Amino acid sequence: MSQGFSIECFTNDCWSSYECNIHNTAWYATWSVISGNRDGFGSTSCFPLCDRGFTFFCEGGTYGSFIQIATCLGLIASLFAGIPSKSIVGWWRVCFWISAVPAAILALFMEFCAESPHWLYKRGRLIEAEAEFERLLGVSHVKSAMSELSRSGGDEIESVKLSELLYGRHFRVVFIGSTLFALQQLSGINAVFYFSSTVFKKAGVPSDIANICIGFSNLTGSIVAMLLMDKLGRKVLLLGSFLGMAIAMCVQVAATTLPGSAYGALYLSVGGMLMFVLSFALGAGPVPGLLLPEIFPNRIRAKAMAICMSVHWVVNFFVGLLFLRLLEQLGPQLLYTIFSSFCFLAVIFVKRNVVETKGKSLQEIEISLLSTE
C-alpha cells in the first residue's frame with residue numbers, strides 16, 4: 001500500500017506541474033479528468049483501507065479522524081493560497097505549483113511509512129507483519145496484535161465475486177455503505193463547499209471571508225469529532241450530525257423567506273451555512289470512511305469499499321453538476337428543503353440500519369449485522 005501512495009504522490013507532482021502550464025481549454029479539461037482518475041485510484045480509495053489496517057487494534061475512531069482534520073487543514077490552506085487570485089492575473093497557475101509541494105513531501109515520507117500489518121498478514125508475510133507491529137506498537141503488544149489478526153480471519157485471501165456484493169450474502173453491508181455515502185452527498189455538503197461563495201455573495205458577505213469561515217468551521221467540527229469518536233460512538237455521531245444538518249438546512253429555508261435586505265436573512269443564511277458545515281464535520285464527514293472498513297468482513301473489504309467510493313463520487317459529480325441549475329430553476333427555498341429532507345432520511349436510515357462498532361471486534365460487528373437481518 002505504501003508503494004501505491006508513493007506512486008500516486010509522484011504522479012500528482014507531474015500532473016500539477018503540467019496543468020499550470022496548459023493554455024488550451026480542451027487539454028485542461030482532459031488533464032483534469034486524468035487527474036481525478038488518479039486520485040480515485042490512489043488516495044481516495046486506499047486511505048480508508050490503509051487506516052483500518054493500522055488502527056483496528058486500538059482507538060481507530062480517534063486516529064481515523066486525523067485524516068478528516070488533515071483534509072480540513074489542506075482546504076483552509078488552499079483557501080488562503082487562492083486569495084490573491086482576484087488581484088493577480090494567472091495566480092491560479094501558481095496555485096498548481098503550490099499543490100505540488102505537499103505531494104512531494106508526502107511522496108518522500110511515504111518511503112518511511114509502515115506497511116499495513118493486516119495487508120502483510122493476508123499475504124502470509126507473518127514475520128514482516130510482526131516487525132511492523134513492533135515498529136508501530138512496541139514489542140509488548142506484538143503478540144496480542146497478531147492474535148487479534150488471527151481471530152479476525154486475516155489469513156483469508158480467497159477472492160470474492162462481484163455477484164456476492166451486489167445481490168448475494170454480502171449485499172446488506174454493501175447496501176448500507178453505498179446508501180450512507182449517497183445520503184452524505186445528497187445532503188448537499190459539496191454543493192455548499194463548491195458554491196459557498198455564490199451563496200454568500202447573494203447574502204452580501206465577501207466570498208473570501210465566507211470561505212475561510214467555512215474552512216475553520218469544518219476544522220472545528222472535525223476536532224470535536226476526533227475527541228468524541230471513541231467516547232460516544234460512530235452511530236451517535238452520525239445521528240447527531242445528520243440531524244444538525246437537517247436543522248441547519250431548515251434555517252437556510254427560513255432565511256429565504258425573509259426579504260433579501262433584512263439583517264435577519266443575512267444572519268440566518270450565514271449562520272445556517274456555518275452550522276451545516278459544523279454538523280457535517282461532527283459525523284457525516286469523517287464517520288462513513290471509518291465505519292465501513294469496520295463493518296465489512298476482511299474477505300470483501302477492498303472490493304466493497306471500491307463500490308461504495310464509486311457511489312460516493314458519482315453522486316458527488318451529479319450534485320456538483322446540477323446544483324446551480326437547480327438553484328436557478330427551483331429556487332433556494334425548495335432546493336434547501338430537498339437537501340433537508342435527505343438529511344432527515346439519513347437520520348432514519350442510520351437509526352434502522354447502522355450498527356455501533358465502538359469497542360467491538362470484527363467478529364462482534366459481523367454478528368451484530370447478521371442478527372439484524
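By convention here, the first residue in the shown sequence is residue 1. Given the structure is predicted, the values throughout are model-derived calculations rather than measurements.
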Practice prompt. Evaluate the criterion side chain to side chain contact (heavy atoms under 4.5 Å, CB included) for residue pair Phe296 and Cys308; output intermediate values, then yes/no.
Written response: CA-CA 11 Å; Phe296 290 148; Cys308 293; 3.7 Å; yes
Can you tell me how far apart [atom1] ([X]) and [atom2] ([Y]) are? Round to the nearest 0.5 Å.
X      : Y      : atom1 : atom2 : result
Ser279 : Leu274 : OG    : CG    : 10.5 Å
Leu330 : Ile338 : CG    : CD1   : 5.5 Å
Leu324 : Leu335 : CG    : CG    : 9.5 Å
Arg234 : Glu356 : CZ    : CD    : 6.5 Å
Arg125 : Glu132 : CZ    : CD    : 9.5 Å
Leu282 : Met245 : CG    : CE    : 10.5 Å

With the side chain counted from C-beta on, respond yes when [X] and [Y] share a heavy-atom pair under 4.5 Å apart, and no when they do not.
X      : Y      : result
Phe342 : Phe349 : no
Leu238 : Pro288 : yes
Cys250 : Tyr336 : no
Met249 : Phe276 : yes
Phe344 : Ile348 : no
Leu239 : Lys351 : yes
Cys343 : Leu243 : no

Report all side-chain donor-acceptor pairs from residues 174-189 shorter than 3.5 Å, counting only partners two or more places apart or in another chain.
{"residue": "Ser178", "atom": "OG", "partner": "Val174", "partner atom": "O", "Å": "2.9"}
{"residue": "Thr179", "atom": "OG1", "partner": "Phe175", "partner atom": "O", "Å": "2.7"}
{"residue": "Gln184", "atom": "OE1", "partner": "His312", "partner atom": "NE2", "Å": "3.4"}
{"residue": "Gln184", "atom": "NE2", "partner": "Ala284", "partner atom": "O", "Å": "2.7"}
{"residue": "Gln185", "atom": "OE1", "partner": "Asn190", "partner atom": "ND2", "Å": "2.5"}
{"residue": "Gln185", "atom": "OE1", "partner": "Asn316", "partner atom": "ND2", "Å": "3.1"}
{"residue": "Gln185", "atom": "NE2", "partner": "His312", "partner atom": "NE2", "Å": "3.1"}
{"residue": "Ser187", "atom": "OG", "partner": "Gln184", "partner atom": "O", "Å": "2.6"}

Discussion item. Same cluster or not: Leu268 versus Leu278, using hydrophobic residues (I, L, V, M, F, W, Y) connected whenever any side-chain heavy atoms lie under 4.5 Å apart?
Written reply: no
Worksheet item: Are Val139 and Ile127 connected in the hydrophobic side-chain network, where two residues link if heavy atoms are under 4.5 Å apart?
Response: no
What's the shortest heavy-atom distance between [X] and [Y], and which atoms?
X      : Y      : result
Ile295 : Val173 : O-CG1, 4.1 Å
Ser222 : Ile69  : CB-CG1, 3.8 Å
Pro286 : Ala281 : CD-O, 3.4 Å

Worksheet entry | Steps toward side chain to side chain contact (heavy atoms under 4.5 Å, CB included) verdict (Lys235, Val350) | CA-CA 7 Å; Lys235 186 172 183 177; Val350 170; 4.1 Å; yes
Practice prompt. Apply side chain to side chain contact (heavy atoms under 4.5 Å, CB included) to Val287 and Met229, showing your working.
Written response: CA-CA 8 Å; Val287 171; Met229 190 77 70; 3.8 Å; yes
Worksheet item: How would you list, by chain and number, every residue that makes a side chain to side chain contact (heavy atoms under 4.5 Å, CB included) with Thr337, sequence neighbours excluded?
Response: Val253, Ser341
Worksheet item: Going through the checks in order, is the side chain to side chain contact (heavy atoms under 4.5 Å, CB included) test met by Phe323 and Phe339?
Response: CA-CA 11 Å; Phe323 174 73; Phe339 284 150; 3.7 Å; yes
